[in-house]
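Some notes on the structure that comes next.
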Amino acid sequence: MVETSTSDSAIHISDINFSFDKLSILENINMTIEQGDFAGLIGPNGGGKTTLLKLILGLYKPQSGTITLFGEALKKQRKIIGYVPQYANFSSDFPISVKDTVLQGRLGLTACFGFYNQQDKIIVDKVMQETEITPLAQRPIQSLSGGQMQRVLVARALATEPEIMLLDEPTANIDQRAEKDIFDLFKTINKRMTILVISHDIGFVSDYINKVFCLNKTLVCHDSTPVTSDTIHTLYGGHISEVQHSHHH
Amino acid sequence: MLEFFTTLSSQAFLQNAFLGGILASIGCGLTGSFVVVNRIGYMAGGIAHSVLGGMGIAYYFDLNPFAGALIAALLAALIIGTIKLKWKHQEDTTIGAIWAIGMAIGILFISKSDGYNTNLMSFLFGNILIISDEQLFIMFVLDIITIIFMTLFYKQLVAVSFDIEFATVRGIHVNLFYLLLLCLVAITVVLLIQVVGLILVIALLTLPAAIAKQYVHSIGLMMLLASLLGMLFTSLGLFISYEPDLPAGATIILVAGVAYFLSSLLRTIFR
């Protein structure tokens with residue numbers, strides 16, 4: 001990697017090592033994402049993509065190495081991160097409306113005591129419009145389709161008004177048309193914030209991203225390396241069928 | 001049937017029983033909703049049963065058993081909560097152990113006190129007909145405490161129940177709020193013990209909220225509906241049990257149980 005990064009890059013990861021119960025998950029990760037990037041993080045299942053994202057979110061602590069966001073330590077910067085998890089983090093029959101779900105993006109920013117305030121509601125109305133879920137506002141989340149739910153999760157992350165968006169396989173549970181719609185939305189969002197998206201599908205995301213990182217325990221390739229079949233072979237150990245279907249056409 | 005209403009209008013004990021049911025229902029609606037959506041009925045059960053230890057010790061030393069119950073419930077909530085958060089693999093066994101140890105301590109102390117049988121029975125199964133004015137006042141205070149905490153931290157409690165990882169990312173102290181929730185469960189358990197006794201607490205804590213969950217789609221509405229249902233079940237149970245002189249606590253639970261299964265059946269048929 002060409003080390004042009006100054007410490008005020010949007011995301012700057014240096015020499016991260018992480019293991020879980022003595023099992024090494026990530027080794028020697030160095031990564032820089034600049035403000036305004038739309039970066040893709042790809043790699044096989046179990047390659048450590050989600051773990052790396054959770055390190056950036058501060059959910060895990062690395063054994064060694066540092067992560068800074070815009071030059072500041074993670075702890076100070078939690079407020080500027082928007083996070084879209086993979087679908088299955090909560091039970092789908094939880095009694096909550098779409099709007100109340102999106103409002104949770106305001107936690108940590110709104111007052112500690114009592115209910116959400118007027119400003120929270122204005123911001124939430126705005127992001128629901130942007131993600132085209134305003135008509136669903138009062139619907140219980142258990143009545144949503146996979147694509148609608150994904151938009152709710154994106155709206156919840158946007159309600160934080162973040163400077164960095166971290167998305168973990170945001171289209172894993174939805175059909176291809178909805179997938180394209182969602183990535184078109186990300187492209188719009190990218191005009192005002194930095195995005196890092198995990199995907200299992202190189203072919204599809206390459207139409208959108210300006211930077212790619214391939215992860216299999218360690219960074220196999222990054223934006224200055226062209227992605228060749230050799231890299232893919234190293235990354236997936238020969239099972240490239242998954243990355244060859246370019247169903248988005 | 002008329003006798004119930006004439007007694008209700010003239011006799012303090014029946015008025016107290018009626019009011020006790022109303023006050024218990026408020027707590028059961030508020031806290032029960034969180035117990036149901038978090039699926040922590042088993043943990044609530046552990047808290048409820050280990051309370052007998054505190055009641056027994058207080059009773060033996062001639063102190064107020066319900067003060068003992070409150071201390072034991074809060075202690076059990078903190079221990080069980082810490083196990084859940086820090087020691088996940090052993091959760092099931094450990095909660096079961098605390099559940100039984102608390103009861104065993106209670107039985108030992110009560111057996112060495114006077115009036116073993118009557119008191120043990122009223123702790124285990126409640127006696128809504130002997131609720132004193134002082135107990136009513138304690139129940140009222142416990143309700144107020146629950147309402148204050150639920151109002152102040154409603155959004156955090158919902159967020160922690162809904163998606164604990166996202167709440168963490170948003171900088172919420174999730175462990176703190178999880179323990180707070182269990183302490184509120186402890187307080188509510190003590191509230192309900194006066195009405196149905198500690199064995200039957202879990203049913204009154206979960207059944208009204210579980211019925212409410214079938215009809216509404218927000219925790220706030222669930223709380224409201226569950227409280228109203230709780231009031232209906234306790235009043236109806238009290239009414240049914242009065243003339244044939246049945247145990248009121250057990251009757252209340254049966255009313256709630258029948259309502260729960262009827263409601264579930266109706267939801268399945270008319271879905």
Side-chain angles (χ1 to χ4, degrees), chain A residues 50 53-54 56-60 74-117 120 138-144 152-153 156-157 159-160 162 164 166 168, chain B residues 29-30 32-41 88-89 147-177 180 206 208-226 264 267-268 271:
Chain A
T50 298
L53 204 71
K54 290 191 174 179
I56 302 174
L57 286 162
L59 290 170
Y60 299 153
L74 273 188
K75 245 184 191 163
K76 285 188 181 170
Q77 296 288 63
R78 269 195 168 159
K79 288 186 172 144
I80 67 163
I81 302 179
Y83 170 48
V84 180
Q86 273 186 317
Y87 186 17
N89 252 338
F90 44 82
S91 66
S92 61
D93 72 336
F94 197 96
I96 191 168
S97 70
V98 165
K99 187 168 183 172
D100 286 344
T101 306
V102 178
L103 270 165
Q104 290 183 3
R106 299 302 300 159
L107 286 168
L109 299 159
T110 185
C112 177
F113 304 111
F115 303 99
Y116 296 102
N117 59 37
D120 297 328
Q138 300 310 323
R139 288 260 297 271
I141 55 156
Q142 68 185 68
S143 70
L144 302 181
V152 171
L153 295 181
R156 180 176 69 163
T160 301
I164 297 171
L166 301 176
D168 191 354
Chain B
L30 294 175
S33 300
F34 279 110
V35 171
V36 166
V37 298
N38 278 290
R39 298 169 197 205
I40 51 171
K88 286 186 184 113
H89 311 295
I147 290 170
I148 288 174
F149 276 107
M150 291 277 181
T151 311
L152 283 179
F153 301 115
Y154 179 76
K155 57 183 185 304
Q156 286 92 340
L157 290 171
V158 171
V160 168
S161 308
F162 179 62
D163 186 345
I164 201 159
E165 183 186 76
F166 188 81
T168 312
V169 169
R170 297 298 337 127
I172 303 298
H173 298 287
V174 292
N175 291 355
L176 186 72
F177 284 106
L180 172 68
T206 53
I211 297 172
K213 185 166 175 276
Q214 296 172 337
Y215 298 93
V216 295
H217 299 292
S218 87
I219 303 238
L221 285 177
M222 224 177 126
M223 289 171 161
L224 183 69
L225 186 54
S264 305
R267 294 296 291 175
T268 324
R271 186 151 285 246

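In what follows, chains carry the letters A, B, and so on, assigned in the order in which the sequence lines appear, proteins first and then strands, with residues in each chain numbered from 1.
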query: Would a 4.5 Å heavy-atom cut-off, applied to side chains only, mark A:F94 and B:D163 as touching?
result: no
Heavy atoms of other groups near B:R267 CZ, more than 12 under 6.0 Å: yes
query: Rounded to the nearest 0.5 Å, how far does OG1 of A:T160 lie from CZ of B:F166?
result: 5.0 Å
field: Atom pair SG/CD1 of A:C112 and B:I172 - distance to nearest 0.5 Å
entry: 7.5 Å
message: Given heavy-atom pairs under 4.5 angstrom as the criterion, report whether the side chain, backbone, both or neither of A:Q142 touches chain B.
response: side chain
query: Are side-chain heavy atoms of B:I164 and A:F90 found at a separation under 4.5 Å?
result: no
query: At their closest point, which heavy atom of A:R78 faces which heavy atom of B:R170, and how far apart are they?
result: O-NH1, 3.8 Å
query: What part of A:R139 gets closer than 4.5 Å to chain B, counting heavy atoms only: side chain, backbone, both or neither?
result: neither
- prompt: Should we say atom CZ of B:F149 is surrounded by more than 12 heavy atoms from elsewhere, each under 6.0 Å from it?
  reply: no
- line: When the 4.5 angstrom heavy-atom criterion is applied to B:S33 and chain A, the contacting part is neither
query: Has the side chain of B:Q156 got a donor or acceptor atom that lies under 3.5 Å from a matching backbone atom of A:L107?
result: no
field: Proximal component of B:I219, with respect to chain A [non-hydrogen, under 4.5 Å]
entry: both
task: Between chain B and each of A:L109, A:L59, A:L103, count heavy-atom pairs under 4.5 Å; write down the option with the most.
output: A:L59
message: Do the side chains of B:K155 and A:D120 get close enough for a salt bridge, i.e. N-O under 4.0 angstrom?
response: no
message: For a 4.5 angstrom cut-off between non-hydrogen side-chain atoms, does A:I141 reach B:H217?
response: no
message: With a 4.5 angstrom heavy-atom cut-off, is it the side chain or the backbone of B:F162 that approaches chain A, or both, or neither?
response: both
- prompt: Checking A:K54 against chain B: side chain, backbone, both or neither under 4.5 Å from a heavy atom?
  reply: side chain
- line: Most heavy-atom pairs under 4.5 Å with chain B, out of A:G108, A:G58, A:G105, belong to A:G105
message: Taking side chain as everything from C-beta outward and backbone as N, CA, C, O, which of these in B:V158 sits under 4.5 Å from a heavy atom of chain A? Side chain, backbone, both or neither.
response: both
- line: Heavy atoms of A:P85 and B:E165 approach each other most closely as CB-OE1, 4.1 Å
